[in-house]
Amino acid sequence: MKIKKILLPILLSSAVMFAASATAQTFNLAYTLNVDSHYGKGAQVFADEIKKLSAGKFKINPKPSGALGGERDVVEGLQLGSVDLTITSTGPVGNFVPSIYALDFPFLFRDYQHAHRVLDGEIGQALLAEFKDSGLIGLAWSENGFRHLTNSVRDIKAPADLAGLKIRTMENKVHMSAFSDLGAAPTPMSFTELYTALQQGTVDGQENPIPVITSSKLDEVQKKLTLTGHVYSPAIVMMSKHVWDGLKPQEQQWFKQAAKVSAAATRQAVADIESNGVKFLREQGVEVIEQVDKAAFASKVQATYDKYGEKYGAALIAKIKAS
Ligand code: EAX
């Protein structure tokens, strides 16, 4: 009798769970990095969280390593409804939501605390609300990290060292402009093509945060790393508005909550990887240049602020700087 009393509810609830998972609605979640990356961690945590919150009604089908295309393709997929969810850098996002470009200016964020304060505060939340006008739902600010420069040609210590080097950039006008200011030849391309481009020498270098360099093993094809920290690279957990509109308000809240927990896990992964990533890269034979004339880099890219600042929100940029 006693046993029945204890067992019955357990049996019943697992029957409900089973029924729910048998008919679970599945959402794909695309990202360009591999499962061992900080995005991979965020995707796993997102999947666990949404399963828990929905009691098995919703399931995430992760699509890592650019399986659904590069970041620009994936944002287009969200708009069309062929992609449900993504974790992406802001690289291509300004092409769809122009005010997001305001976050992509070089030497804007001073450190991780500054970036988190801005993105988690009023400015970041107001920006998230703007996505829906472009058929996208901004769920939460996640993280990619401060970007640094790698190449295999020469030591980069000051902007003059970049003269004529072909540097792959993201498909982002502000980033491309900044690399032109620095004297490099910016070459925009999807991340999914980057490793091969570096391997074949189509480009001389690239720039990405340490967790991207380590998880994508760019050290196999790049011998020099300069810790420029020239721009903070936010990531965003995004959903297709088509999918969002088909959800009940309570379900929409589950997705927001799962994105928040996912973003926190990704930020933690970035911090963990950064704590020994540079040492790890040195051990892989990468020459690390820490003495950088950052002031010279910052002064050169002022031209990008002059060119694009007004267009992409001078007031917003000033507000971020003052935060
Ligand atoms: O979002 O394109 C890039 O360099 C990004 O940093 C990468 O895809 C992770």
Side-chain angles (χ1 to χ4, degrees), residues 29-43 46 62-78 83 85-96 100-101 103-104 106 109 112 115 119 138-151 166-176 178-179 184 186-199 202-219 221-222 225 228-238 259 262-263 265-267 269-270 273-274 277:
L29 191 169
Y31 56 99
T32 47
L33 304 177
N34 61 40
V35 286
D36 297 326
S37 65
H38 49 305
Y39 288 4
K41 177 76 188 168
F46 191 100
K63 298 283 185 186
S65 304
L68 299 186
E71 293 186 332
R72 188 165 49 78
D73 308 318
V74 164
V75 180
E76 281 167 5
L78 291 174
V83 180
L85 291 151
T86 190
I87 302 174
T88 178
S89 75
T90 52
V93 176
N95 298 317
F96 302 87
I100 298 306
Y101 272 128
L103 303 174
D104 295 323
F109 292 102
Y112 281 104
L119 295 173
L139 292 175
W141 287 111
S142 187
E143 185 156 86
N144 198 18
F146 275 92
R147 302 179 80 91
H148 304 288
L149 196 62
T150 69
N151 85 103
K166 272 189 155 180
I167 303 294
R168 176 269 176 176
T169 68
M170 297 198 287
E171 296 163 285
N172 181 299
K173 266 187 255 180
V174 173
H175 284 198
M176 287 166 65
F179 277 92
T187 310
M189 73 173 68
S190 160
F191 185 79
T192 49
E193 292 164 30
L194 178 59
Y195 187 97
T196 309
L198 291 169
Q199 195 174 37
T202 318
V203 290
D204 300 312
Q206 66 87 44
E207 43 84 58
N208 250 304
I210 301 295
V212 175
I213 299 171
T214 56
S215 63
S216 293
K217 299 190 175 12
L218 298 185
D219 49 276
V221 284
Q222 293 282 269
L225 163 66
T228 46
H230 54 275
V231 69
Y232 174 74
S233 185
I236 179 156
V237 187
M238 244 189 313
S262 159
T266 295
R267 283 182 183 175
V270 170
I273 298 163
E274 291 225 330

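Side chains are part of it too, since the values below use all heavy atoms of this structure and drop only hydrogens, waters and symmetry mates. Start at 1 and go down the list; that is how both ligands and their atoms are numbered.
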For ligand 1, is Arg147 a contact, meaning one of its heavy atoms is under 4.0 Å away? yes
Rounded at 0.5 Å granularity, tell me how far OG1 in Thr150 sits from CG in Asn208. 8.0 Å
Distance check, rounded to the nearest 0.5 Å: His38 atom NE2 versus Ser215 atom OG? 6.5 Å
Is the shortest heavy-atom distance from the side chain of Phe191 to the side chain of Ser216 under 4.5 Å? yes
What is the closest protein heavy atom to atom 6 (O) of ligand 1, and at what distance does it sit? Asn208 OD1, 2.7 Å
Side-chain heavy atoms of Lys63 within contact of Val74, under 4.5 Å: no
Please verify whether a non-hydrogen atom of Tyr31 lies at under 4.0 Å from ligand 1. no
Please report which non-hydrogen protein atom sits nearest to atom 8 (O) of ligand 1, along with the residue it belongs to and the distance in Å to one decimal place. Thr32 OG1, 3.1 Å
Closest to atom 2 (O) of ligand 1 (judged by heavy-atom distance), picking from Glu171, Met189, Arg168, Glu143: Arg168
Proximity flag Thr88 to ligand 1, non-hydrogen atoms under 4.0 Å: no
So the salt bridge (Lys or Arg N to Asp or Glu O under 4.0 Å) pairs with at least one residue in residues 203-217 (sequence neighbours excluded) are Arg147-Glu207
Output all residues satisfying ring pair (Phe, Tyr, Trp, His ring centres under 6.0 Å) with Phe179, sequence neighbours left out; order by chain, then residue number. His230
Any nitrogen or oxygen of Tyr39 lying under 3.5 Å from a nitrogen or oxygen in ligand 1? Just yes or no. yes
